[in-house]
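Please read the structure below before turning to the comments.
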Amino acid sequence: RGLGDVYKRQDKILNSVLEESEKDFNETIFYGKDSNPEIILDVCKRYPVMAPYQLVVVKEAQHLSRSLSQFENYFKNPSRRFCFEKNRLD
């Protein structure tokens, strides 16, 4: 799998999880280079607003690799409305 496959899967998620009218309050896209785990986790813990899910996408997450331990507790007990997908590039 290459980078093109990752982008296709990302687009599929971004276009299928929420309706267009739900995205303003329930879709947040972070870039790992410009983000920190505390802010990302705060958004992950929010409840959705008039939608089934709070969609959080972290692009370029490899820039957070030194901070992954901060996500461990959340991943052990995530919100029921949480979906995590990890992409590996070979």
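The basis for the numbers below is simple: all heavy atoms, side chains too, and nothing from hydrogens, waters or symmetry mates. Each residue takes its place number in the sequence, starting with 1.
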Reported CD-to-NZ distance for the pair Gln10 and Lys12, which is rounded to 0.5 angstrom: 14.0 Å
Return the set of residues passing side-chain hydrogen bond (donor to acceptor under 3.5 Å, both in side chains) with Lys8 (not counting sequence neighbours), or none when no residue passes. none
Same cluster (ILVMFWY, side-chain, under 4.5 Å), Phe25 and Leu18: no
If you measure from OH on Tyr74 to NZ on Lys45, what distance do you get to the nearest 0.5 Å? 8.0 Å
Any donor and acceptor pair, going by atom type alone, linking the side chain of Asn26 with main-chain N or O of Val49 inside 3.5 Å? yes
Evaluate the side-chain proximity of His63 to Tyr31: yes if any heavy-atom separation is below 4.5 Å, no if none is. no
Could you tell me if the side chain of Val58 sits less than 4.5 Å from the side chain of Ile29, heavy atoms only? no
How long is the gap from CD on Gln70 to CD on Glu38, to the nearest 0.5 Å? 4.5 Å
State, to 0.1 Å, how close Asn15 and Lys23 come at their nearest heavy-atom pair, and which atoms those are. OD1-NZ, 4.1 Å
Rounding to 0.5 Å, atoms CG (Asn36) and CG (Leu64) come to a distance of 8.5 Å
Minimum heavy-atom separation for Tyr47 to Gln54, with atom names? O-NE2, 3.5 Å
Mind checking the NZ-NZ spacing from Lys33 to Lys59? Nearest 0.5 Å is all I need. 14.5 Å
Other residues, nucleotides, ligands: >12 heavy atoms within 6.0 Å of Gln62 CD: yes
Does some side-chain heavy atom of Ile39 sit less than 4.5 Å from a side-chain heavy atom of Phe30? yes
If the condition is side-chain hydrogen bond (donor to acceptor under 3.5 Å, both in side chains), which residues does Thr28 pass it with, not counting sequence neighbours? Arg46
I'd like to know if Leu68 and Val43 are part of one continuous hydrophobic network [Ile/Leu/Val/Met/Phe/Trp/Tyr, side-chain heavy atoms within less than 4.5 Å]. yes
Taking Gly32's backbone N and O only, do any of them form a donor-acceptor pair with Ser35's side chain (distance below 3.5 Å, no angle check)? no
Spacing of OG belonging to Ser67 relative to CG belonging to Leu41, to within rounding of 0.5 Å: 10.0 Å
